[in-house]
Amino acid sequence: MAESKAITPRAVDFSAWYNDLIMRAELADYSPVRGCMVIRPNGYAIWEQMQQALDRMFKDTGHQNAYFPLFIPQSFLAKEAQHVEGFAPETAVVTHGGGKELEEPLVVRPTSETIIYAMYAKWIQSYRDLPVLINQWANVVRWELRTRLFLRTTEFLWQEGHTAHATEAEAEAETLLILNLYRTFMEEWMAMPVITGPKTDSERFAGALRTYGCEALMQDNKALQAGTSHNLGQNFAKAFDVQFQTAEGGLDYVWSTSWGVSTRLVGGLIMTHGDDKGMVCPPRLAQWQVVIIPIWRTDEERAQVVEAAESMMKELRGAGIRTTTDKREIKPGAKYYEWESRGTPFRLELGPRDLAQQSVMLARRLGGKEAVPMAGLAARLLQEMTAMQQAMLDAARARRDAATLRNPKSKEEFIAFLEGNGGFVFAGFCGDPAVEAEIKARTKATIRCLPDPEFRSPEAPTTCIWTGRPATVEAVWARAY
RNA sequence: CGGGGCGUGGCGCAGUCCGGUAGCGCGUCCGCUUUGGGAGCGGAAGGUCCCGGGUUCAAAUCCCGGCGCCCCGACCA
């Protein structure tokens, strides 16, 4: 019986653990449609917290939200050669509407560049119209062959920013601004450390000049691309004829960017912090940061304890702490397991004994349980939340660093690491795409990014780990989701 | 698209080889006793056995043909 309720341990089968956890915590469920998932309230609440934090950050940096249609004329996709090549194989296409065949099929957006640039062409005439800084929260559809809850589903939710600028430098600055914004969000809200840097050509967004990414390492030592920011150059501007009159009186194409993060982040959160008891949610993203569990035997006790719980909840909410009370008629132990599996950061157990002592039992999701006085409880919890948020980031960073190999001595060590427990490998690379492909074929590892300066090794590698030729860059390899 | 597995109450499965009354666990509902780490006992509800065809007195079971899902590989936020 206990076994049927248990989550498969990570060490036994990481994939099974991941699926079990999502089902137990009721984050999502499979839908009747192949490859699509239903995001349940517990999972959606996390996404909403993410949305709120990111949306604030976007707005604080001058961006505005807008909404563009779900359907894109099929011909639009074809206007940018690389873009159509990249996305056409995985689009869903609507051929009929209202019982009639459409004159032109409509693609369900896999991403919105094309329809957005068609509009920008109308809206932008002068350098005075620039920059355009727009974001949209939307769903997109990509007909993936293999899907996994949150990580890769046929339909997913995301935000996509699309900006247009007067100069290449401005576009590059915007691309990096967002990359850094994503990094801040991932580290400070998700407590998920990332490595940032440009992608190689093989991993570049279809139609972009350059793609930058945030790469996180999951507990099974596989990398997760958590977010990308693209400098599109003038590629889409030229394809959609988005021109403007410059301050100097000339005519130029706009320089543009696009960037996005998706509900995949929820999967990243799970695989970064989850344990064998279930989800562990960082306080800043938790739907409920604190759950109060009233404990009683008699109806009389129940009345007293519930009343105390409600006044405690009111006080904590007043202090800005997202608090709920679980008053259901089931045994307290059952509630503990349930809230733990959902990752709720703190649990307050409140029974007659506690009332008598004017204290409450504080149980942390990361471990540890102690009686704390009711007086000053809110301040104490605020402290606890800050500490937990930091502890989670520190722990995740320590795990990642422990699974990172820098400057392997030989090609053999490089291969053995990737084929063993895996993780990030920092090593020299000659820059040859054929070598990159060969490494992928041999090890299943790809270059996650060319790390930004702060992530690079103290001593720059001098030779390519694969060919022994002079290294042009340091690269980070890993097997990835 | 190649390889493997599986479709039986809400969920997980047994039963299929060898045809003969539809079964178990969990969950759900009701009652009583419980309640500080997943409660116990008693009672109850709930099934076109994936679909279609065939063989047979009789099919979850045998035969033929479909469909769907999951896992492993090539593409991907």
Side-chain angles (χ1 to χ4, degrees), chain A residues 1-7 13 15-16 19-20 23-24 26 29-36 85-91 109-112 138-160 182 199 202-206 208 211 213-216 223-230 258-268 277-278 293-299 301-302 305 327-341 347-357 359-361 363 369 371 437 440-441 444 446 480-481:
Chain A
M1 180 182 76
E3 284 166 24
S4 67
K5 291 178 174 178
I7 296 172
D13 183 341
S15 292
N19 288 330
D20 285 356
M23 293 301 161
R24 270 296 303 286
E26 298 182 348
D29 203 350
Y30 295 100
S31 81
V33 182
R34 189 204 77 99
C36 293
E85 195 185 322
F87 284 105
E90 54 182 68
T91 52
R109 62 182 166 216
T111 178
S112 302
N139 58 338
V140 289
V141 167
R142 298 182 186 177
W143 218 259
E144 303 288 358
L145 299 177
R146 285 197 62 198
T147 58
R148 282 196 88 192
L149 294 173
F150 288 112
L151 299 178
R152 189 176 302 103
T153 46
T154 300
E155 178 190 11
F156 58 94
L157 306 183
W158 75 346
Q159 58 71 215
E160 46 180 326
Y182 283 159
K199 295 276 186 179
S202 69
E203 300 267 321
R204 201 181 57 213
F205 176 75
T211 288
C214 295
E215 293 290 325
L224 184 75
Q225 179 170 302
T228 46
S229 184
H230 316 291
S258 71
W259 27 275
V261 296
S262 72
T263 36
R264 166 179 273 195
L265 290 179
V266 178
K277 290 191 278 189
I293 311 287
I295 297 166
W296 66 82
R297 283 170 204 271
T298 63
D299 285 351
E301 284 179 350
R302 179 183 181 173
V305 162
K327 293 183 285 193
R328 289 175 301 168
E329 287 274 6
I330 56 176
K331 296 194 58 157
K335 296 180 184 177
Y336 300 165
Y337 280 98
E338 187 173 317
W339 289 98
E340 277 168 2
S341 77
R347 178 178 77 231
L348 297 175
E349 303 168 14
L350 185 62
R353 296 204 301 252
D354 309 286
L355 278 186
Q357 295 165 35
S359 71
V360 64
M361 289 303 294
K369 181 162 155 176
K440 184 180 178 184
K444 294 181 186 166
T446 50
Y481 275 99

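Order of the sequence lines fixes the chain letters, A, B, ..., with proteins taken first and strands second; residue numbering starts at 1 for each chain.
Distance from the side chain of A/Pro332 is smallest for B/U35 among the nucleotides B/G37, B/U35, B/A77. In the set B/G73, B/U35, B/G37, the nucleotide with an atom closest to the side chain of A/Tyr336 is B/G37. In the set B/G36, B/A77, B/G37, the nucleotide with an atom closest to the side chain of A/Arg142 is B/A77. When distances run from any side-chain atom of A/Lys369 to the nucleotides B/G37, B/A77, B/G36, the shortest one goes to B/G37. Out of B/U35, B/A77, B/G37, the shortest distance to the side chain of A/Glu340 is found at B/G37. Here B/G36 is the nucleotide among B/A77, B/C75, B/G36 with the atom lying nearest to any side-chain atom of A/Arg353. Taking every side-chain heavy atom of A/Ile295 into account, B/G36 is the closest of B/G38, B/G36, B/A77.
Remark: B/C13 base-pairs with B/G23; criterion is Watson-Crick or G-U wobble with both hydrogen-bond distances under 3.5 Å. Judged by Watson-Crick or G-U wobble contacts below 3.5 Å, the nucleotide B/G46 has no partner. In this structure B/A59 sits in no base pair that meets the Watson-Crick or G-U test at under 3.5 Å. Taking a pair to require two hydrogen-bonding distances under 3.5 Å in either a Watson-Crick or a G-U wobble arrangement, B/C67 pairs with B/G7. The partner of B/G36 is absent, by the rule that a Watson-Crick or G-U pair needs both atom distances under 3.5 Å. Across the strands present, B/C41 finds its partner in B/G31; the criterion is a Watson-Crick or G-U wobble pair with both atom distances under 3.5 angstrom. When both distances must be under 3.5 Å, the Watson-Crick or G-U wobble mate of B/C18 does not exist.
The same atom, P, is picked in B/A77 and in B/C30; the two are 49 Å apart, to the nearest Å. Going from the C1' atom of B/G10 to that of B/G47 covers 12 Å, rounded to whole Å. Taking atom P on both B/C70 and B/U56, the two are 39 Å apart, rounded to the nearest angstrom. Atom P of B/G7 sits at a distance of 16 Å from the matching atom of B/A60, rounded to the whole Å. For B/G52 and B/A45, the C1' atoms lie 32 Å apart once the distance is rounded to whole Å. Rounded to the nearest Å, the gap between the P atom of B/A14 and that of B/C67 is 25 Å. Taking atom C1' on both nucleotides, B/G4 is separated from B/G38 by 36 Å, rounded to a whole Å. Rounded to whole Å, the P atom of B/G43 lies 15 Å from the corresponding atom of B/C26.
Residue A/Pro89 is out of contact with every strand shown, counting any heavy-atom pair closer than 4.0 Å. Contacts of A/Leu151 with the nucleic acid, taken as non-hydrogen atoms under 4.0 Å apart, include base atoms. Residue A/Arg328 is classed as having no contact, given no heavy-atom separation below 4.0 Å to the nucleic acid. Across all strands shown, A/Gly260 has no heavy atoms under 4.0 Å from either base or sugar-phosphate atoms. A/Thr154 comes within contact range of no nucleotide atom at all, as no heavy-atom separation falls under 4.0 Å. Across all strands, A/Glu349 comes closer than 4.0 Å to base atoms (heavy-atom distances).
The salt bridge (Lys or Arg N to Asp or Glu O under 4.0 Å) search around A/Arg109 returns none, not counting sequence neighbours.
One can place NZ of A/Lys444 at 8 Å from C1' of B/G73, the figure rounded to the nearest angstrom. Computed from coordinates, the A/Asp354 CG to B/G36 C1' distance equals 8 Å when rounded to whole Å. What separates CG of A/Leu348 from C1' of B/G36 is a distance of 14 Å, to the nearest Å. B/A77 atom P lies 10 Å from atom CD of A/Glu215, rounded to whole Å. Across the protein-nucleic acid pair, A/Lys440 atom NZ and B/C75 atom P stand 5 Å apart, rounded to whole Å. Going from atom CZ of A/Phe87 over to atom C1' of B/A77 covers 9 Å, rounded to whole Å. To the nearest angstrom, C1' of B/C70 lies 10 Å from CG of A/Asn19. Residue A/Gln357 contributes atom CD, which lies 12 Å from atom C1' of B/G36 at whole-angstrom precision.
For the atom pair CE of A/Met361 and NZ of A/Lys369, the computed distance is 5.0 Å after rounding to the nearest 0.5 Å.
A salt bridge links A/Arg302 and A/Glu329; the closest N-O separation between the charged side-chain nitrogens and carboxylate oxygens is under 4.0 Å. Ion pairing of A/Glu340 with A/Arg24 is absent here, as no side-chain N (NZ or NE/NH1/NH2) approaches a carboxylate O to less than 4.0 Å.
If you find the closest nucleotide of RNA chain B to A/Tyr337 and to A/Phe205, the one lying nearer the 5' end belongs to A/Tyr337. Nearer to the 5' terminus of RNA chain B, by closest-nucleotide assignment, is the contact made by A/Leu350 (compared with the other of A/Thr263 and A/Leu350).
None of A/Arg328, A/Lys331, A/Arg347 except one satisfies the salt bridge (charged side-chain N to carboxylate O under 4.0 Å, His left out) rule with A/Glu338; the exception is A/Arg328.
OP1 or OP2 of B/U34 has not a single side-chain nitrogen or oxygen of A/Lys331 nearer than 4.0 Å.
Under a cutoff of 6.0 Å and an axis angle of 45°, A/Arg264 and A/Phe156 do not form a cation-pi pair.
Relative ring orientation between A/Phe205 and A/His230 is described as parallel, the plane-to-plane angle staying below 30° on a 0-90° scale split at 30° and 60°.
You'll find the side chain of A/Trp259 stays beyond 4.5 Å of the side chain of A/Thr228, heavy atoms only.
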